[in-house]
There are 2 protein chains.
Amino acid sequence: MPLGFEKHDHTACIQSALAKADSYCADKGLQFTKIRRRVLELLLMEHKALGAYDLLGNLSNEGLGTQPPIVYHALDFLVANGFAHKIEKLNAYSACCHPGKTHAPVFMICRRCKCVVETQTEPLRNFLGTTAKAAGFLIERTVIEIEGLCPSCQKAEPARPYYPLRT
Amino acid sequence: MPLGFEKHDHTACIQSALAKADSYCADKGLQFTKIRRRVLELLLMEHKALGAYDLLGNLSNEGLGTQPPIVYHALDFLVANGFAHKIEKLNAYSACCHPGKTHAPVFMICRRCKCVVETQTEPLRNFLGTTAKAAGFLIERTVIEIEGLCPSCQKAEPARPYYPLRT
DNA sequence: TATGTTATGTTATATTATTACATATAGATA
DNA sequence: TATCTATATGTAATAATATAACATAACATA
Ligand SMILES: [Zn+2]
Ligand SMILES: [Zn+2]
Ligand SMILES: [Zn+2]
Ligand SMILES: [Zn+2]
């Protein structure tokens with residue numbers, strides 16, 4: 001599993017994630033069915049987020065279903081069980097890179113090549129916890145997504161100004 | 001402007017935000033037109049996020065336009081100029097509580113009463129900067145949204161488990 | 001007023017997601 | 001094994017969000 005944008009053995013990356021999902025589901029008595037497994041596999045193929053209808057297109061080509069609820073059902077399962085995340089900024093879905101661990105994921109999204117890298121930071125979680133506590137707010141979920149340019153795309157394109165547009 | 005969930009003089013809150021927008025636009029030579037101003041005003045009315053079609057419903061009732069691009073044009077302006085933010089998790093829009101300041105906003109979203117409170121944390125921004133830098137990633141924008149229960153809703157409803165569902 | 005620029009309006013359509021329910025299948029129970 | 005029950009999949013229709021492409025109107029300023 002990549003910790004960042006460095007090259008890695010992605011075949012192993014995929015196999016490892018599927019194996020973890022297999023054993024986790026076996027442990028918990030969850031049905032890791034053909035469709036669910038295939039959707040996860042599709043999400044694992046690249047470190048990119050895929051839209052529900054991209055996934056559905058693939059399923060459809062493979063004779064695994066043609067209607068939206070097919071893929072949304074599978075995504076519900078994968079997200080609920082922590083095998084995938086929804087990337088809110090993209091309305092798309094990404095395989096989890098740290099399955100089986102409690103984590104508050106942080107996504108780095110390259111606007112140019114669309115790659116998505118998941119990282120996690122315990123300090124950040126603590127930090128948000130402190131911020132929320134000060135306001136009396138009780139955290140249940142977090143959405144943390146960073147948009148910008150990945151290392152290789154920085155060479156190809158100038159940066160846009162850091163948030164916000166206002167000076 | 002509220003720093004958290006405490007009660008405050010919301011009429012003053014609205015007036016102050018509109019006045020800031022007026023003067024900012026005057027300074028920059030931006031056209032703070034009737035529709036744009038009204039959309040901001042609608043967003044300011046409560047500390048909640050409103051969907052584009054909610055806003056359009058209001059505009060439509062007031063004879064200010066009936067088609068989606070009307071409201072999306074206005075929202076584009078308000079977001080581009082930092083008067084409003086899109087809340088990605090809700091596909092909805094919220095007036096900025098710190099207009100005129102450079103900031104990476106953090107939103108606390110109550111799942112029960114749907115209130116949205118914007119805060120900002122310079123340390124968090126630094127922290128994400130460090131995380132990204134370690135991966136060689138260049139930040140342009142951030143999406144930081146916390147979901148959970150606001151102080152008053154905590155009294156009314158039990159919390160759900162903290163992220164993630166996985167044990 | 002003439003001219004270029006920005007804002008608004010119109011039509012159509014794209015994209016993402018859900019509701020509600022029917023059928024099929026897996027796993028548990030008798 | 002046969003039945004029961006819960007879960008998964010399939011179907012149809014529709015809801016909700018957002019954009020493309022372009023026409024018209026209003027504004028800015030020379
Ligand atoms: Zn993850
Ligand atoms: Zn890139
Ligand atoms: Zn703001
Ligand atoms: Zn609340």
Side-chain angles (χ1 to χ4, degrees), chain A residues 21-22 25-40 42-43 48-81 83-94 114 143 145 165, chain B residues 21-22 24-40 42-43 48-81 83-94 114 143 145:
Chain A
D22 282 329
C25 289
D27 274 8
K28 299 279 179 179
L30 300 170
Q31 298 183 48
F32 195 39
T33 62
K34 189 169 181 179
I35 291 178
R36 291 167 174 182
R37 197 171 202 281
R38 184 56 182 150
V39 170
L40 180 56
L42 289 166
L43 290 176
K48 299 200 174 175
L50 296 178
Y53 285 76
D54 291 333
L55 293 164
L56 185 56
N58 282 286
L59 294 182
S60 178
N61 290 339
E62 299 165 7
L64 292 173
T66 60
Q67 301 303 318
I70 297 297
V71 71
Y72 283 105
H73 286 153
L75 287 168
D76 287 347
F77 172 88
L78 295 173
V79 170
N81 290 287
F83 301 125
H85 300 287
K86 181 172 183 184
I87 310 298
E88 297 293 341
K89 180 68 195 193
L90 303 177
N91 292 320
Y93 303 83
S94 176
K114 308 299 178 196
V143 175
E145 298 171 358
L165 304 175
Chain B
D22 281 329
Y24 180 86
C25 288
D27 274 9
K28 299 279 180 178
L30 299 169
Q31 298 182 48
F32 195 37
T33 62
K34 189 169 181 178
I35 291 177
R36 291 168 175 181
R37 197 171 201 281
R38 182 60 181 149
V39 170
L40 179 56
L42 290 166
L43 291 176
K48 300 199 173 174
L50 296 178
Y53 285 76
D54 293 331
L55 293 164
L56 184 57
N58 282 284
L59 294 183
S60 178
N61 289 339
E62 299 166 9
L64 291 172
T66 60
Q67 301 303 319
I70 296 297
V71 71
Y72 283 105
H73 286 154
L75 287 168
D76 286 348
F77 172 88
L78 294 173
V79 170
N81 291 287
F83 301 125
H85 300 288
K86 180 172 185 183
I87 310 297
E88 297 293 341
K89 179 69 195 193
L90 303 177
N91 291 320
Y93 302 83
S94 176
K114 309 298 179 195
V143 174
E145 297 170 357

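So you know, we letter chains A, B, ... as the sequences are listed, proteins then strands, and number each from 1.
Taking for each of B:Tyr72 and A:Phe77 the nucleotide of DNA chain D with the nearest heavy atom, the 5'-most of the two is the partner of A:Phe77. DNA chain C is contacted by both B:Lys34 and B:Pro68; B:Lys34 maps to the nucleotide lying nearer its 5′ end (nearest heavy atom per residue). Mapped onto DNA chain D by nearest heavy atom, A:Leu30 and B:Leu90 fall at different nucleotides, with A:Leu30 at the one closer to the 5' end.
Taking side-chain N and O atoms only, B:Lys86 has a distance below 4.0 Å to OP1 or OP2 of D:dA18. Taking only side-chain nitrogens and oxygens, A:Thr33 comes nearer than 4.0 Å to OP1 or OP2 of D:dT9. Contact annotation: B:Asn91 side-chain N/O to D:dA16 OP1/OP2 distance is not under 4.0 Å.
Looking at heavy-atom distances under 4.0 Å, B:Tyr93 makes contact with sugar-phosphate atoms alone, never a base.
Considering CG of B:Leu42 and CD of B:Glu62, their distance stands at 6.0 Å, rounded to 0.5 Å.
Under the Watson-Crick or G-U wobble criterion, with both distances below 3.5 Å, D:dA30 is paired with C:dT1. Base pairing of C:dT25 is made with D:dA6, judged by Watson-Crick or G-U wobble geometry with both donor-acceptor distances under 3.5 Å.
Rounded to a whole Å, the CD1 atom of A:Ile70 is 12 Å from the C1' atom of C:dT23. Put simply, CD on A:Gln31 is 9 Å from P on C:dA28, counting in whole angstrom units. The distance from atom CG of A:Leu75 to atom C1' of C:dT18 is 14 Å, rounded to the nearest whole Å.
Panel note: side chain B:Glu145, backbone B:Glu88; a donor-acceptor pair is recorded below 3.5 Å.
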